[in-house]
Amino acid sequence: MKLFGRKKKQEPAIQFDPETQYAVIRSSICTGEKVAGFKNKADGHFTELMLIRSPADEKLFKETYGVDSIRVEY
């Protein structure tokens with residue numbers, strides 16, 4: 001059992017397809033809660049992937065999925 005050491009690189013929960021999806025952060029105007037995920041370009045379906053609590057979480061999301069920019073929706 002290993003307690004300390006490097007973290008493994010997080011594997012993507014789903015595959016991101018930039019042809020059919022775009023990255024989105026949904027932000028609640030009431031609570032301020034932010035959730036990152038992907039939105040389907042054709043039907044608008046949102047797939048929730050990660051709670052964003054800090055800029056570090058947003059950076060991790062971008063690195064994990066290879067995303068350069070993220071839209072913010074309220």
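All values below were derived from every heavy atom in this structure, side-chain atoms included, with hydrogens, water molecules and symmetry-related copies excluded.
- One hydrophobic cluster, built from ILVMFWY side chains closer than 4.5 Å, holds both Leu49 and Ile52.
- Hydrophobic clustering, with ILVMFWY side chains joined whenever heavy atoms are under 4.5 angstrom apart, groups Leu60 together with Ile25.
- Under the rule for a side chain to side chain contact (heavy atoms under 4.5 Å, CB included), the partners of Thr20 that lie at least two apart in sequence or sit in another chain are Asp17.
- Between Phe38 and the options Tyr65, Phe46, Tyr22, a ring-ring contact (aromatic ring centres under 6.0 Å, His included) holds for only Tyr65.
- Pairing each heavy atom of Ala23 with each of Val67, the nearest pair is CB-CG1, 3.7 Å.
- Pairs passing the salt bridge (Lys or Arg N to Asp or Glu O under 4.0 Å) check and including a residue from residues 46-58, sequence neighbours excluded, read Glu58-Lys62.
- Centroid-to-centroid, the aromatic rings of Phe61 and Phe16 stay 6.0 Å apart or farther.
- Pairs passing the side-chain hydrogen bond (donor to acceptor under 3.5 Å, both in side chains) check and including a residue from residues 23-44, sequence neighbours excluded, read Ser28-Thr31, Lys39-Glu73.
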